[in-house]
Amino acid sequence: MLTHAYFACMPASASPNYHLAGSFRMGEMHGSGSLSWPNGDVYEGPFVANVMQGSGTMRFGCGSVYKGEVLEGKGA
């Protein structure tokens with residue numbers, strides 16, 4: 001398991017290959033949701049104003065997993 005990670009949250013409009021699912025507020029991810037990347041990476045957890053924030057899980061396509069606090073899109 002990774003102890004630190006950095007992942008960027010890109011809006012779905014940045015690429016048609018990104019998949020966002022969950023709660024939206026005023027056109028932005030806000031609340032619980034998931035974000036999937038074309039390479040198989042998947043983040044599941046809370047978003048605040050389109051940024052991953054709170055206790056979440058990042059599963060990387062290579063098999064690594066980060067579970068823990070995410071602050072402003074970065075693993076804490």
Side-chain angles (χ1 to χ4, degrees):
M1 184 182 316
L2 296 175
T3 56
H4 290 84
Y6 175 80
F7 11 94
C9 181
M10 296 186 67
S13 60
S15 169
N17 297 321
Y18 291 86
H19 182 262
L20 289 166
S23 303
F24 287 81
R25 185 171 79 183
M26 298 184 68
E28 294 182 329
M29 285 289 292
H30 195 86
S32 295
S34 66
L35 173 60
S36 302
W37 284 264
N39 65 358
D41 294 352
V42 178
Y43 169 78
E44 294 176 323
F47 289 80
V48 175
N50 248 15
V51 176
M52 296 176 280
Q53 181 85 19
S55 182
T57 301
M58 183 72 186
R59 299 179 190 283
F60 297 91
C62 65
S64 296
V65 176
Y66 171 84
K67 290 184 181 183
E69 290 300 308
V70 179
L71 180 61
E72 297 178 359
K74 299 177 185 174

Mind listing the closest non-hydrogen atom pair of Gly54 and Pro46 along with its distance? CA-CG, 3.7 Å
From CG (Asn50) to NE2 (His30), nearest 0.5 Å: 10.5 Å
In chain order, what residues pass the side-chain contact (heavy atoms from CB on, under 4.5 Å) check against Thr57, with sequence neighbours excluded? Arg59, Val65, Lys67
Would you say the side chain of Glu69 lies within less than 4.5 Å of the side chain of Ser55, judging by non-hydrogen atoms? yes
CZ of Phe47 to CE of Met29, rounded to nearest 0.5 Å, is 4.0 Å
What I'd like to find out is whether the side chain of Val70 reaches to under 4.5 Å of the side chain of Gln53, using heavy atoms alone. no
Would you call Leu35 and His19 a side-chain contact if the rule is heavy atoms closer than 4.5 Å? no
So how far is it from Ser36 OG to Leu20 CG, rounded to the nearest 0.5 Å? 8.5 Å
Using modelled atom types only, decide if a donor and an acceptor are shared between the side chain of Asp41 and the backbone of Gly61 within a distance under 3.5 Å. yes
Common cluster, Val48/Met58, ILVMFWY with side-chain heavy-atom separation under 4.5 Å: no
